[in-house]
Amino acid sequence: MPTIQLPDGSTRQFDEPVTPGQVAESIGPGLAASAIGAMVDGTMTDLDVPIAEDASIAIITARKGESESSDDALWLIRHSAAHVMAEAIQRLWPDVQLVYGPPVSGGFYYDMWLPEGNKISSEDFERIEAEMKAIVAEDRPFTRYDMSATEGLSKLESEGNKYKVDNAQRAIDGGSDELSWYATGNPGDNWEDLCRGPHVPSTGRIGAFKVMSIAASHWHGDSSSDQLTRIYGTAFTDRKQLKRHLKQLEEARKRDHRVIGKQLSLFTIDDAVGPGLILWKPAGSIVRQELQDFISLYTRRQGYDQVFTPHIGRLELYRTSGHFPYYQDSQYPPIIERDQMAILAGEGCSCGELSNRLESGDVEGYLLKPMNCPHHIRIYASEPRSYRDLPVRLAEFGTVYRHEQSGELSGMLRVRGFTQDDGHLFCTPEQIGEEVQGCLELVKIIFSTLGMDQYRVRVGLRDPESDKYVGDPDNWKLAETACIEAAEAMGVPFDAEAGEAAFYGPKIDFVVRDAIGRDWQLGTVQVDYNLPERFDLSYIGADNTAHRPVMIHRAPFGSMERFIGFLIEHFAGAFPAWLSPEQVRVLPVSDKSLEYAREVQSLLRAEDLRAGLDAGDERLNAKVRSAAEKKVPYVLVVGPRDSENRTVSVRAHGIERDLGAVPLDDFLASLASEVRGREHGTAISTLFPEAAPA
RNA sequence: GCCACCGUAGCUCAGUGGUAGAGCACACCCUUGGUAAGGGUGAGGUCACGGGUUCAAAUCCCGUCGGUGGCUCCA
């Protein structure tokens with residue numbers, strides 16, 4: 001006699017056990033027709049699972065033609081589409097063994113093991129889709145059946161797919177005493193897959209799908225384990241939704257910082273120099289310099305001292321810090337001094353031996369610095385410190401080198417040489433809270449100037465179960481509390497995640513959402529009890545004895561490379577004027593106006609504005625177009641009318657029309673003020689209050 | 001590092017074993033044009049690099065380097 005509660009709070013009584021499908025029917029035929037699954041007491045289930053006890057039910061629906069489907073609906077559709085894709089692939093390649101096929105954000109994938117002689121490439125996608133289409137057209141029901149754990153396991157073992165046996169074993173180890181299968185159609189007659197479910201009622205409910213890409217993966221995510229093939233796909237309720245999704249992907253591709261970086265001549269990566277090493281071209285260097293100046297200004301205001309340190313340091317320094325040899329794999333090999341090299345050569349030292357002797361300290365050398373902290377620590381240690389001096393705050397745009405795996409390199413986002421907006425704070429345990437708050441404050445100022453209001457922080461705490469952490473537990477508690485309180489004080493969303501701390505201290509990561517909704521992990525603040533210990537750092541306390549300082553590492557924007565890569569994608573290359581390599585471009589209508597155009601340009605330059613001049617003999621249309629392609633924020637068209645009246649005719653990037661003529665002096669004042677204030681588009685809103693925002 | 005795919009002019013890309021192509025960009029000429037490509041002419045390539053097969057290789061095979069998408073990793 002179940003009483004079913006619906007999301008609106010109303011209840012319905014049933015005389016006997018009822019399925020969510022029947023509940024939907026009792027509400028109305030429209031709901032029943034669009035139902036594809038249900039949430040029963042917060043758990044997603046199939047429509048045909050009988051419910052005997054009181055429960056609250058929400059029907060998950062997907063209607064053809066709806067412009068947006070719920071996350072739950074898409075989860076069901078994609079999970080089901082993964083099955084259909086697997087069935088299609090096994091029709092085409094019967095020997096392929098299935099491993100694991102979950103829905104993921106944006107779609108789904110299926111991992112599979114391809115025996116010798118089976119090869120799937122992107123050229124096969126059309127064939128796979130054609131098979132999938134046929135399966136969807138057959139509209140066969142997803143039919144679940146269960147077996148006891150032992151029975152199920154022996155079935156799987158007889159089928160000879162060790163991956164599915166493993167999946168089942170894991171489910172059993174996780175507490176299941178039953179295993180379930182889903183057949184697309186009749187169990188026994190049609191294709192089936194071991195699966196926990198749930199699924200949409202039938203294959204026909206998968207509205208629109210596409211096989212997207214193919215990639216490698218590893219069994220259990222373990223790179224020493226079996227190499228699997230992963231095929232990605234996506235699915236939606238409706239063809240229009242799929243089309244919109246593909247368009248969004250296209251939009252993301254257009255924002256790709258590698259593409260825009262080329263278009264706008266911001267940076268280049270040159271084989272002759274080396275992979276993962278960025279050459280900042282003049283335009284990109286302006287963006288970086290402006291940003292660094294901005295960050296430096298606020299860092300100074302927060303009481304940091306600017307320092308400069310070299311790009312290399314003795315190996316012994318990094319033995320002390322622990323960076324060498326623990327992270328040897330991701331470092332460029334050490335630099336060995338000439339005389340040492342000669343001795344080693346004389347001794348006929350092998351490469352393996354050399355490596356051992358470098359590690360043991362028997363042979364000395366230098367390392368390209370993988371971190372700035374050891375250098376900053378030595379600055380701290382270079383003079384006696386009193387508690388009155390603390391906190392000591394050292395800041396440097398410090399360039400470091402890490403030999404990232406070749407497959408990891410990606411434009412400016414993952415590189416081998418990069419410049420961190422690095423800073424190290426040496427403070428007393430009591431000062432941690434305030435200092436961490438200062439770091440968050442800086443992030444807040446800079447994000448709000450850049451117009452990014454959607455960001456959150458992640459606080460990484462100890463895993464209480466683990467003993468991998470260094471330092472005194474009381475200190476940890478202090479630092480963790482400080483981090484959480486700082487995050488709270490910042491007034492942005494944050495999650496505290498246990499087990500996400502570094503072994504040497506808790507940390508805070510910044511995650512920012514860009515203009516098209518993607519999340520980017522940028523900088524971090526980390527409390528460190530380890531390095532002060534390793535370097536035996538101290539300060540003299542009020543009690544006239546030596547105390548150990550705590551260190552805080554902070555690179556709130558990560559690296560200049562990654563941060564600017566992110567900014568390029570966020571702004572799609574259309575930077576606010578203060579960051580723009582070319583802030584304004586003057587376009588003479590013809591040679592006859594060239595002289596006035598030059599005067600306008602030189603007046604702009606006198607205001608410290610970066611002003612270009614298009615003196616080519618193209619027609620105005622072509623000049624307007626090319627300025628737009630270079631994403632110059634402001635374009636001033638000047639012709640005889642303008643020179644006569646001392647006006648400029650203004651265009652702004654993103655507004656595809658002539659905004660009209662304004663007095664030259666007014667424009668100079670407005671733009672200079674916008675740029676000085678690091679504002680975005682205020683020159684336009686001042687001069688042309690009616691114009692649409694850029 | 002692993003797997004798949006890719007590498008042709010500055011850029012985007014065509015070119016299935018038989019004399020290297022297009023558009024854009026660039027240079028020059030004509031055009032002096034008021035808001036997203038005016039017209040013409042020209043220059044530009046060791047087809048990533050090295051080896052092999054072949055009468056003949058951008059094209060087929062092997063290797064190296066580099067890139068892309070994933071996986072693994074990220075102090």
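A note on names: the letters A, B, ... follow the listed sequences, proteins ahead of strands, and every chain is numbered from 1. Keep in mind it's a predicted model, so treat the numbers as computed, not measured. Below, all heavy atoms of this structure are taken into account, side chains as well, without hydrogens, waters or symmetry copies.
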message: Rounding to an integer number of angstrom, what distance separates B:C49 and B:A4 when you compare their P atoms?
response: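 Approximately 24 Å lies between the P atom of B:C49 and that of B:A4.
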With the threshold set at 4.0 Å, does a side-chain nitrogen-carboxylate oxygen contact exist between [X] and [Y]?
X        : Y        : result
A:Arg518 : A:Glu569 : yes
A:Asp124 : A:Arg127 : yes
A:Glu618 : A:Arg625 : no
A:Arg456 : A:Asp519 : yes

From C-beta outward on [X], which listed nucleotide comes closest to its side chain: [options]?
X        : options             : value
A:Pro275 : B:C71, B:G67, B:G69 : B:G67
A:Val589 : B:G33, B:A75, B:A36 : B:G33
A:Lys262 : B:G69, B:C11, B:G1  : B:C11
A:Val624 : B:U35, B:A75, B:C2  : B:U35
A:Val637 : B:G34, B:A36, B:C2  : B:G34
A:Ala628 : B:A37, B:G67, B:A36 : B:A36
A:Leu409 : B:G67, B:G38, B:G34 : B:G67
A:Tyr504 : B:G1, B:A75, B:C71  : B:A75

May I ask you to verify whether the side chain of [X] and the base of [N] hold a donor-acceptor pair under 3.5 Å?
X        : N     : value
A:Ser330 : B:A75 : yes
A:Arg414 : B:C74 : yes
A:Asp642 : B:G34 : yes
A:Arg657 : B:U35 : no
A:Asp591 : B:U32 : yes
A:Ser213 : B:G70 : no

- request: Give a yes/no on whether any side-chain N or O of A:Ser406 is located under 4.0 angstrom from OP1 or OP2 of B:G1.
  value: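 True: A:Ser406 side-chain N/O within range (under 4.0 Å) of B:G1 OP1/OP2.
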message: Can you see if the side chain of A:Tyr110 gets near the phosphate of B:G70 - specifically, an N or O under 4.0 Å from OP1 or OP2?
response: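 No, no such contact exists.
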Under 4.0 Å, counting only non-hydrogen atoms across every strand here, what does [X] touch: a base, just sugar-phosphate, or nothing?
X        : answer
A:Gln526 : sugar-phosphate
A:Arg562 : nothing
A:Gly639 : base
A:Gln331 : base
A:Tyr109 : nothing
A:Arg230 : sugar-phosphate
A:Asp617 : base

message: A cation-pi test, strictly: NZ or CZ of A:Arg230 under 6.0 Å from the centre of the six-membered ring of A:Tyr109 and no more than 45 degrees from its axis. Yes or no?
response: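 Yes, a cation-pi geometry.
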message: Heavy-atom nearest nucleotide on RNA chain B for A:Ser410 versus A:Ala216: which residue maps closer to 5'?
response: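 Between the two, 5'-proximity favours A:Ser410.
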field: Nearest-nucleotide 5' precedence on RNA chain B, A:Ala622 against A:Pro588
entry: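 Whichever sits nearer the 5' end wins; that is A:Pro588.
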- request: Decide whether A:His553 and A:Asp422 meet the rule of one side-chain donor and one side-chain acceptor closer than 3.5 Å.
  value: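 No, no side-chain donor-acceptor contact under 3.5 Å.
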query: With a 3.5 Å cut-off and no angle check, do the side chains of A:Trp520 and A:Asp514 form a donor-acceptor pair?
result: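 Short answer, yes.
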query: A:Trp219 has an atom CH2; how far is it from atom C1' of B:G70, in whole Å?
result: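 So the CH2-C1' distance, A:Trp219 to B:G70, works out to 20 Å.
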